[in-house]
Amino acid sequence: MEDSRELKAWCLALPKIELHAHLNGSIRNSTLLELARDLGEKGIIVFEDVAHIITNSGRSLSECFMLFDLFHVIATDHDTVTRITKEVVEDFASENVVYLELRTTPKNNESKGMTKRSYMKAVLDGLNAVDAVELVSSPFGKQCLKTAKFSKDQDRKNICVRLILSIDRRETTAAAMETVDLAIELRDLGVVGIDLSGNPLVGNWSTFLPALTYARENGLPVTIHCGEVHNKEEVNAILDFCPDRIGHACFLDEEDWSRLRSPQIPIEICLTSNHKTNCVPSIKDHHFVDLYSINHPMILCTDDPGLFSSSVSNEYYLAATTFELSRSEMYRLAQTATESVFADDAVKCFLREIFEDGKIYQGT
Ligand code: IMP
Ligand code: ZN
């Protein structure tokens, strides 16, 4: 097997597309600890109670959701949301993610004077504040995008960012509709789709279906967290809806797989996340193998790089080493993700060009 340092460096240098990353799951641990310490000093939380939860990297799916509740206490005021967004985009750019669809759940937080709209304004401010990288989409104008050229300067990483608004499974139909309305309103500012996420043991599909249908009727593509737990009835209903993409797809049976195959619904694959949350017994046994063998469209993603201590490059490295993929195969995997992005054709063309230019990355 080739030298692991060399392969890691190659995975880092590879241009990558990230389509499934939750903003608050991507917070740097150092930032989370700093914010928690700050709140501890102000007497809002007891720092010692949360420090070990933040630094513990092995968590079950339900522990992850406990941690998200903690994040929401720590990370929910406008300035913090702006800071986190900026840092998260910088982190993705620093590892050669050339296109990022960052998803987040717009939140109301009365005590901080936050509405879903003001939360999104804070996110947009964070995107615009990115200065260590060139935001190709900044300020989300399409003209910017058309003329943008990737810099040859090695220190200057370029990233094109789009947003997906998440509906949390704890929400009501009315709250989910509000999120879709907001996404429609912010479409010209870079919002390209809707996601359904949150604790898979909470909520009913029928609650969210009206909002997801409304999104589709308004031309917004939809991606759904599907099959994170055994729930045949819901998986069936999701496949009836036929989303534009699906996240995870862990607990699916043969019948579900054949339904997924015929419309070729792309799957956002999150190896580390699925393994750490015990959705798959091991990475070696991940359904990636079966999907890869039938050439099903897949995108390697992180889900929550902060929460799971991973990175997009690391997910590529894991796939290469676990499934013994060559550099050409890895390159093709990164390149084909272009066809699954929610952004418009101009962005797709732009990304296709990047990968055409990047023949040097193919290696052997
Ligand atoms: P946010 O939407 O930016 O606040 O990102 C964190 C949120 O994403 C969590 O509170 C969950 O609702 C959702 N999320 C993150 N990871 C997962 C996952 O693995 N399954 C389902 N939902 C998730
Ligand atoms: Zn997710």
Side-chain angles (χ1 to χ4, degrees), residues 18-28 31-32 35 59-78 80-89 92 100-109 112 114 116 119-120 122-124 126-127 161 163-171 175-176 179 182-183 191 193-203 208 222-229 231 234 238 243 245-251 267-280 299-310 312 315:
E18 163 66 276
L19 302 185
H20 186 144
H22 299 265
L23 174 61
N24 280 299
S26 308
I27 307 175
R28 293 174 190 164
T31 297
L32 211 48
L35 294 170
R59 303 178 185 102
S60 67
L61 191 57
S62 56
E63 283 167 337
C64 287
F65 284 100
M66 283 163 60
L67 199 59
F68 280 128
D69 288 340
L70 175 65
F71 286 8
H72 291 173
V73 178
I74 295 176
T76 310
D77 69 70
H78 294 108
T80 308
V81 170
T82 298
R83 170 186 172 176
I84 290 167
T85 306
K86 176 177 181 286
E87 290 181 355
V88 165
V89 172
F92 278 111
L100 166 66
E101 276 174 20
L102 186 62
R103 60 185 75 188
T104 194
T105 321
K107 297 165 186 73
N108 288 308
N109 185 347
K112 306 256 169 71
M114 182 181 280
K116 287 189 174 187
Y119 174 90
M120 284 313 302
V123 170
L124 295 170
L127 293 187
V161 185
L163 297 169
I164 293 177
L165 301 200
S166 301
I167 294 168
D168 187 315
R169 296 183 62 106
R170 289 176 294 194
E171 291 186 293
T179 295
L182 191 55
V191 173
I194 288 288
D195 159 54
L196 176 65
S197 56
N199 191 337
L201 298 170
V202 172
F208 318 115
V222 174
T223 176
I224 310 271
H225 281 63
C226 174
E228 285 181 282
V229 291
N231 187 344
E234 183 172 287
I238 292 174
R245 290 197 315 246
I246 273 178
H248 302 306
C250 295
F251 294 98
I267 304 185
E268 301 150 2
I269 295 281
C270 309
L271 298 172
T272 300
S273 162
N274 293 161
H275 182 228
K276 286 202 174 175
T277 57
N278 301 321
C279 290
V280 294
I299 314 97
L300 284 182
C301 303
T302 52
D303 205 7
D304 301 289
L307 188 70
F308 300 122
S309 313
S310 189
V312 194
E315 297 301 302

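Each residue takes its place number in the sequence, starting with 1. Note that the coordinates shown come from a computational prediction; the quantities given were computed from them, not determined experimentally. Every number for a ligand or one of its atoms is a count from 1 in the order of the listing.
- Of the protein's heavy atoms, His22 ND1, 2.9 Å lies nearest to atom 8 (O) of ligand 1.
- Counting protein heavy atoms only, atom 22 (N) of ligand 1 is closest to Gly198 N, 2.9 Å.
- The residues Arg103 and Asp168 are annotated as not salt-bridged, no charged nitrogen and carboxylate oxygen being separated by less than 4.0 angstrom.
- Between Glu171 and Lys107 no salt bridge is recorded (no basic side-chain N to carboxylate O distance below 4.0 Å).
- The closest donor-acceptor contact from the side chain of Thr82 to the backbone of Ala122 lies under 3.5 Å.
- Rounding to the nearest 0.5 angstrom, the gap separating the CG atom in Leu163 from the CG atom in Leu23 is 9.0 Å.
- Near Asp168, meaning under 4.0 Å from any of its heavy atoms, are these atoms of ligand 1: 12 (O).
- The SG atom of Cys270 sits 7.0 Å away from atom NE2 of His225, with the distance rounded to the nearest 0.5 Å.
- Atom-to-atom distance recorded for Thr302:OG1 and Leu307:CG is 10.5 Å, nearest 0.5 angstrom.
- Note: no N/O pair closer than 3.5 Å links Ser197 and ligand 1 by distance alone.
- Of the polar atoms of Ser273, none of the N or O atoms is found under 3.5 Å from an N or O of ligand 1, judged by distance alone.
- Using cut-offs of 30° and 60° on the angle between ring planes, the pair His20 and His22 is perpendicular.
- For the residue pair Thr104 / Tyr119, a side-chain donor-acceptor distance below 3.5 Å is found, with atom types taken as modelled.
- Ligand 1 places these atoms under 4.0 Å from at least one heavy atom of His72: 4 (O), 10 (O).
- Not one N or O of Phe65 is nearer than 3.5 Å to an N or O of ligand 1, by distance alone.
- Checking only distances, Asn24 does come within under 3.5 Å of ligand 1, N or O to N or O.
- Scanning the protein for heavy atoms near atom 3 (O) of ligand 1, the closest one is Thr104 OG1, 2.7 Å.
- Side-chain contact between Asn231 and Phe251 is absent, with no heavy-atom pair separated by less than 4.5 Å.
- Counting heavy atoms closer than 4.0 Å to ligand 1, residue Asp303 contributes side-chain atoms (C-beta onward) but none from N, CA, C or O.
- Close contacts of ligand 1 with Leu23, meaning ligand atoms under 4.0 Å from a residue heavy atom, involve 3 (O).
- At the top of the distance list for atom 2 (O) of ligand 1, counting protein heavy atoms only, stands Thr105 OG1, 2.5 Å.
- Neither the backbone nor the side chain of Arg169 has any atom closer than 4.0 Å to an atom of ligand 1 (non-hydrogen atoms only).
- For the pair Arg170 and ligand 1, the shortest N or O to N or O distance does not fall below 3.5 Å.
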(request) Any chance you could lay out the side chain to side chain contact (heavy atoms under 4.5 Å, CB included) test for Leu201 and Val229, step after step, and finish with the verdict? (result) CA-CA 8 Å; Leu201 298 170; Val229 291; 4.0 Å; yes

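- Proximity of a side-chain donor or acceptor of Arg245 to a complementary backbone N or O of Leu19 within less than 3.5 Å is detected.
- Ranking protein heavy atoms by distance to atom 18 (C) of ligand 1, first place goes to Glu228 OE2, 3.4 Å.
- Atom 6 (C) of ligand 1 has Phe68 CE2, 3.5 Å as its closest protein atom, hydrogens excluded (heavy atom only).
- Nearest non-hydrogen protein atom to atom 16 (N) of ligand 1 is Asp304 OD2, 2.7 Å.
- Below 3.5 Å of separation, one finds no N or O of Ser166 facing any N or O of ligand 1.
- Note on the Zn ion (ligand 2): protein N/O/S atoms under 2.8 Å are His20 NE2, His22 NE2, His225 NE2, Asp303 OD1.
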